[in-house]
Amino acid sequence: MPRNFTVIECEQRSSEWFATRAGVLGASSAGDMLARIKTGEASGRRDLRTRLVVERLTGQPVEDGYINADMQRGIDLEPEARAAYEAETSELVQQVGYLKHDTLPIGCSPDGIVGDFEGGVEIKCPRSANHLRYLREKCLPLEYVAQITHSLFVTGAPWWDFVSYDPRFPEPLRVFIVRVRREEVDLAAYEVALSLFLTEVDKETAEVVALAAERTAA
């Protein structure tokens, strides 16, 4: 299967990584893109569109690299979680840089790739209460459906594994894995929503560029 993306080798959260993501819709923002409310536009969707417009206009990432305690814990535990996943599944996980789509301003930054993009891995090291919820529900948490769908869309991979890891639990309960196959998510509906959103970003960017031209000519 031909690839529609380019692998940009860079370390996650490095300056090059942030620069590569500027103006690009990533997997972690997919949920905001799909956010809906009864009337009007969800604030998360509006803020995401504005951020992408600003990044396109300036060429600079808006993200400042802020990391809270939960995020830092996830970063610190990720290598351990990856090893636990490999032990559980017997899959060998490769780390890659940023995957940027060749024709659309979208991309993703997987926590791991299996084989020659035969599958992908999304690792979370959540609070213990959330890990317990995942264990009990025994399915992909709703809050990560959009992120996994986006990664499948970008890469064309047949499947993606959601991994939750908490070393504070008894050993049999430390790793929770859900495999999401392409046919289990609505990629066609996602493509429609994505196309609409990117068109809105293009339109708003063009309007601002036109405003700048008017002021220059005045």
Side-chain angles (χ1 to χ4, degrees), residues 1-35 44-45 47-67 71 74-75 78 82 93-124 144-163 180 182 185 187-206 208-209:
M1 182 176 179
R3 295 181 187 170
N4 295 319
F5 62 89
T6 299
V7 179
I8 300 174
E9 295 298 348
C10 55
E11 185 177 345
Q12 287 195 20
R13 308 198 71 82
S14 66
S15 57
E16 182 182 359
W17 184 78
F18 280 113
T20 298
R21 288 158 46 99
V24 176
L25 177 66
S28 60
S29 298
D32 286 332
M33 181 195 72
L34 296 178
R45 189 177 189 276
D47 292 347
L48 172 62
R49 188 179 64 252
T50 299
R51 174 171 69 81
L52 293 178
V53 170
V54 169
E55 289 180 343
R56 288 189 187 185
L57 291 169
T58 64
Q60 300 293 323
V62 170
E63 297 171 290
D64 59 7
Y66 169 76
I67 301 175
M71 294 167 64
I75 293 170
E78 187 174 309
R82 189 178 292 107
V93 179
Q94 306 171 57
Q95 292 180 255
V96 296
Y98 196 77
L99 311 183
K100 200 166 186 178
H101 199 278
D102 292 335
T103 59
L104 297 172
I106 63 175
C108 65
S109 190
D111 291 325
I113 290 296
V114 175
D116 187 19
F117 290 92
E118 296 161 14
V121 181
E122 183 63 42
I123 297 172
K124 303 296 179 185
Y144 296 114
V145 171
Q147 185 173 3
I148 299 291
T149 301
H150 184 89
S151 294
L152 287 168
F153 183 86
V154 171
T155 63
W159 54 264
W160 214 267
D161 277 352
F162 170 83
V163 183
V180 183
R182 291 185 66 81
V185 297
L187 288 167
Y190 186 77
E191 184 173 12
V192 171
L194 177 65
S195 178
L196 174 62
F197 180 75
L198 293 178
T199 297
E200 292 174 7
V201 175
D202 288 343
K203 181 175 181 291
E204 190 166 326
T205 303
V208 178
V209 170

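Computed from a prediction, not measured in an experiment: that's the story for all the values here. The first residue in the sequence is number 1, and the count goes up from there.
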Residue pair Glu122 / Tyr144, side-chain heavy-atom distance below 4.5 Å: no
Smallest separation among heavy atoms of Arg21 and Glu55, with atom names: O-OE1, 4.0 Å
Shortest non-hydrogen separation from Gly119 to Ala157 and the atoms involved: CA-CB, 4.3 Å
Reference residue Leu25; test side-chain contact (heavy atoms from CB on, under 4.5 Å); the match among Met33, Arg51, His101: Met33
Gap separating the OG1 atom of Thr205 from the CZ atom of Arg49, nearest 0.5 angstrom: 10.0 Å
Any Glu16 side-chain heavy atom under 4.5 Å of Ile8 side chain: yes
Minimum heavy-atom distance between Val121 and Ile123, given as atom pair plus value: CG1-CG1, 3.6 Å
Rounded distance (nearest 0.5 Å) linking atom CZ of Phe18 with atom CD of Gln60: 13.0 Å
Closest approach of Val24 to Gly107 (non-hydrogen atoms, all atoms of both residues): CG1-N, 3.5 Å
Spacing of Glu204 atom CD and Thr199 atom OG1 [to the nearest 0.5 Å]: 13.0 Å
Approximate separation, where rounding is to 0.5 Å, of Arg45 CZ and Glu200 CD: 4.0 Å
Heavy-atom side-chain contact between Leu194 and Phe153 under 4.5 Å: yes
Carboxylate-amine/guanidinium contact Lys124 Asp111, below 4.0 Å: no
Residue pair Leu99 / Thr155: nearest heavy atoms and the distance that separates them: CD1-CG2, 3.6 Å
NZ/NE/NH1/NH2 to OD/OE distance under 4.0 Å, Arg13 and Glu11: no
Atom of Ala30, atom of Ala146 and distance for their closest heavy-atom approach: CB-O, 3.6 Å
From CA spacing to verdict: salt bridge (Lys or Arg N to Asp or Glu O under 4.0 Å), Asp202, Arg56: CA-CA 9 Å; Asp202 288 343; Arg56 288 189 187 185; 2.5 Å; yes
Trp159 and Val114, any side-chain heavy atoms less than 4.5 Å apart: yes
Spatial distance of atom CG (Leu34) from atom CG (Leu48) [nearest 0.5 Å]: 10.0 Å
Val185 and Trp160: CA distance, side-chain angles, deciding distance, side-chain contact (heavy atoms from CB on, under 4.5 Å) verdict: CA-CA 11 Å; Val185 297; Trp160 214 267; over 6 Å; no
Point-to-point distance, once rounded to the nearest 0.5 Å, from CD1 of Ile106 to OG of Ser29: 12.0 Å
Glu191, CD: over 12 other non-hydrogen atoms inside 6.0 angstrom: no
